[in-house]
S.K.: 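I'd like to ask you about the structure that follows.
Predicted, not measured: the structure shown is a model, and the values here were computed from it. Naming: A, B, ... by sequence-line order, numbering from 1 per chain.
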4 protein chains.
Amino acid sequence: MVNDSDEGAGPAARSKRADARRNEKTLLDAAAAVFVASGVEAPVRDIAAEAGVGMGTIYRHFPTRADLIIAVYRHQVEALAEAGPTLLDTSETPYAALGKWVDLFVGFLVTKHGLAAVLQTDNAGFDTLHAYFLDRLVPVCTHLLDAAVASGEIRSGFAAYEVMRGVGNLCIGAEGDSRYDARRLVGLLIAGLRR
Amino acid sequence: MVNDSDEGAGPAARSKRADARRNEKTLLDAAAAVFVASGVEAPVRDIAAEAGVGMGTIYRHFPTRADLIIAVYRHQVEALAEAGPTLLDTSETPYAALGKWVDLFVGFLVTKHGLAAVLQTDNAGFDTLHAYFLDRLVPVCTHLLDAAVASGEIRSGFAAYEVMRGVGNLCIGAEGDSRYDARRLVGLLIAGLRR
Amino acid sequence: MVNDSDEGAGPAARSKRADARRNEKTLLDAAAAVFVASGVEAPVRDIAAEAGVGMGTIYRHFPTRADLIIAVYRHQVEALAEAGPTLLDTSETPYAALGKWVDLFVGFLVTKHGLAAVLQTDNAGFDTLHAYFLDRLVPVCTHLLDAAVASGEIRSGFAAYEVMRGVGNLCIGAEGDSRYDARRLVGLLIAGLRR
Amino acid sequence: MVNDSDEGAGPAARSKRADARRNEKTLLDAAAAVFVASGVEAPVRDIAAEAGVGMGTIYRHFPTRADLIIAVYRHQVEALAEAGPTLLDTSETPYAALGKWVDLFVGFLVTKHGLAAVLQTDNAGFDTLHAYFLDRLVPVCTHLLDAAVASGEIRSGFAAYEVMRGVGNLCIGAEGDSRYDARRLVGLLIAGLRR
DNA sequence: GATGAATGAGCCTTCATTCAT
DNA sequence: GATGAATGAAGGCTCATTCAT
């Protein structure tokens, strides 16, 4: 994030940017809060209200809802992406790393009311969102799976995309149903991968 | 069910009924078609249009959307329920029966665009639907799981509700995504149950 | 009612009529009951249901709601009309007769949930209803008023139509409001007529 | 009311508000016009059309129909409320004041097609409206009645609520019926109060 | 004649999105 | 740039009324 954009503009320009970024931060925080409370499909008006800005401001910064969602979760997705290699390095076996990573993924999704649902839907207009998540995480997951296959711990033949979709799906609606523990079921799924 | 179809009823006495029932069939077919095309949450208007009837007709026959959905899928749910014991009798092991039954379940869900999604949602107004599915199928699934636990093939501790929810979730959005094979993933989940 | 219609038809025709009249009686009773329970604007379907007949039957007998209402209350309106002269004959003074008659009128209206409201509304389609009530009762009321004016008990200058409309209005919504006693207020109105 | 109109507010700070308020004025005028023409129960669409705005605009400003009605008549209700004490001060006797006030009330209601009807109905959703009218006017009327009782001009025992309801009822449907003069009848009612 | 199924207009309400200020 | 007012499509639901059986 340090050098995220801003190719060295003059001081005034920069301050404007800084201003805008601060505003954007407010937006993202508000959106995150509303997403948690009411799901990713919450009315734009609610998000604007939470942020204390006009709705137009939301639209200026994020032309589509998908853009907003991406922005909201970018940090966490990045962290997730970065966690892959790290876990591989620090875990006893590739399979253990996979398990831990999937757990992180579950932790991410389960707390985002409705995100998992949006992720799998073929709703037009969410392609960007889809693409972003996949572009960023599929390679990471592929890497983990490959390693675990290579170590002989799991069977081959399952694509990262598929596994992630499965994990994502298992997380849908998990929040709020005490009889359903997404993490346990995901555990089953990953266990099913073992040779 | 015995006298459900009125072939052989009094000639005129049943004429209205026959008419209405034929119409109801049209409605169910139309609803099924629309459900496949646009999901179970499709506008009532669309279903009416597809059936070539007025909206009022839908409401007359099915006061709530849940009623309609139940009616549309009743036959298949019943068949599913009845398949459980049969499979247990005719399969080599309880686990094999469980696998086959789950496969049937997946086959059912995968072709019903949006049904799996509705099934897990806590949308108010779908309680009837929920209840119907669970009432009918959870006992069957429980029976299969118990048998497989008893035969020592799978670990214990997973409730039918949870497993079914998991399977259901894995089927969400499966249709139309060629890179995602719900059946395979469900296979993984069930495999994960093995000791 | 004795010779209400039926100009001496043949026996068969007559029996048919008798049949129809019995049916019509059922309809009227049902309508009266529903009117009391849900007001004069109750859905036709409800009335049909209460009568245990199809809606079409209602429409056959009473093309418009006004026709039905008239039919339902015809007996009571006739009784009211006939009570006028009688009261005049049997009361101490014309004003007393007027008071008693108005009381009967109030008693009639107050128990007909919504009737008073319909009576004053200029809803198109209720002209028949209006006309019937007025044609039948205005002359009676006029007679009473005239007598009371003649006896010097009340001031002149108020038309029966106006007084009846006033009484009718005071009865609107009386049922079900314990803080509002239509009869008392009507008493005030009639008291106001005194010299 | 003091700072209700914003002549003199900060130049730009209030521009939106000014805009919206102007619009609200348009809405109120349109609503008033439609209320006169079609009654207080006119479809929201009609009001929007009359105002030349979208329906959403109505809903933005007035979440419920009752809110709209209240807003439309607030000024007049307030004026009515304030007229009570004034009349008491400036009239020869309390009874005269009562008569004049009731006359104002009649003048108000008679021009509001359907308002009187709504006022007496127990329609759910109009409670706010009811409450507002009663809260504001019953005390005023009570005051007038009490004074007239105290002065020995009228009989006691009639609550303001009841009298107002009576007056209100007498005004229902008055507009457009040349044979019915609500004011005269109300006069009769009030005359009836005299000892 | 009776039936009640079907029709469809009509109303309400919610929000995503645009755009004047 | 920000604001939030306005728009209007979309969808749900309820009957009055017609008409095939």
Side-chain angles (χ1 to χ4, degrees), chain A residues 16 19-20 23-24 27 41-49 51-61 63-65 125, chain B residues 11-24 26-27 41-49 51-61 63-65 125, chain C residues 16 19-20 23-24 27 41-49 51-61 63-65 125, chain D residues 11-24 26-27 41-49 51-61 63-65 125:
Chain A
K16 209 157 196 180
D19 199 54
N23 204 323
E24 206 162 300
L27 256 42
E41 314 239 40
V44 174
R45 199 183 306 273
D46 291 0
I47 300 170
V53 305
M55 290 172 307
T57 307
I58 307 266
Y59 280 96
R60 164 175 302 277
H61 286 278
T64 76
R65 185 190 295 274
Chain B
R14 294 272 169 159
S15 72
K16 303 284 174 42
R17 285 286 171 81
D19 200 53
R21 195 162 318 152
R22 207 169 311 126
N23 207 322
E24 199 162 309
T26 309
L27 254 45
E41 314 239 39
V44 174
R45 267 189 185 78
D46 291 1
I47 301 170
V53 304
M55 283 182 316
T57 305
I58 306 271
Y59 281 101
R60 157 182 297 278
H61 287 278
T64 76
R65 185 191 299 276
Chain C
K16 209 155 198 182
D19 198 55
N23 204 324
E24 205 162 300
L27 254 45
E41 314 240 39
V44 174
R45 200 183 305 273
D46 291 1
I47 300 170
V53 305
M55 290 172 307
T57 306
I58 308 265
Y59 280 96
R60 163 175 302 276
H61 286 279
T64 76
R65 186 191 295 273
Chain D
R14 293 274 170 159
S15 73
K16 302 286 173 40
R17 283 285 171 81
D19 200 55
R21 196 165 316 154
R22 208 170 311 126
N23 206 322
E24 198 161 309
T26 309
L27 255 43
E41 314 238 41
V44 174
R45 263 191 188 77
D46 291 1
I47 300 170
V53 304
M55 285 181 315
T57 306
I58 306 272
Y59 281 99
R60 157 181 297 277
H61 287 278
T64 75
R65 184 190 299 275

S.K.: List for me each residue that meets side chain to side chain donor-acceptor pair (under 3.5 Å) alongside Thr64(D), sequence neighbours excluded, and say none if there are none.
M.R.: Asp67(D)
S.K.: In whole Å, what is the span from the CD1 atom of Ile58(B) to the P atom of dG8(E)?
M.R.: 13 Å
S.K.: Who are the side chain to side chain contact (heavy atoms under 4.5 Å, CB included) partners of Arg45(C), not counting sequence neighbours?
M.R.: Arg60(B), Met55(C)
S.K.: Between Pro63(C) and Val53(A), which has a closest nucleotide on DNA chain F that is more 5'?
M.R.: Val53(A)
S.K.: Please report the interatomic distance CD(Glu41(B)) to CG(Asp46(B)), rounded to the nearest 0.5 Å.
M.R.: 12.5 Å
S.K.: With the criterion being N/O to N/O and under 3.5 Å, what pairs connect the protein with nucleotides 9-12 of chain E, and how long is each?
M.R.:
unit_1	atom_1	unit_2	atom_2	d
dC12(E)	OP1	Arg65(D)	NH2	2.4
dC12(E)	OP2	Val44(D)	N	3.1
dC12(E)	N4	Arg45(D)	NH2	3.0

S.K.: Counting runs of three or more consecutive pairs, Watson-Crick or G-U wobble, with each distance below 3.5 Å, where are the stems of DNA chain F?
M.R.: E:2-21 with F:2-21
S.K.: Between CG of Leu27(B) and OG1 of Thr57(B), what distance do you get to the nearest 0.5 Å?
M.R.: 7.0 Å
S.K.: If you compare every side-chain N and O of Thr57(B) against the phosphate oxygens of dA5(E) (OP1, OP2), does one of them come in below 4.0 Å?
M.R.: no
S.K.: Output yes when at least one side-chain N/O atom of Arg60(C) is less than 4.0 Å from OP1 or OP2 of dG1(E), else no.
M.R.: no
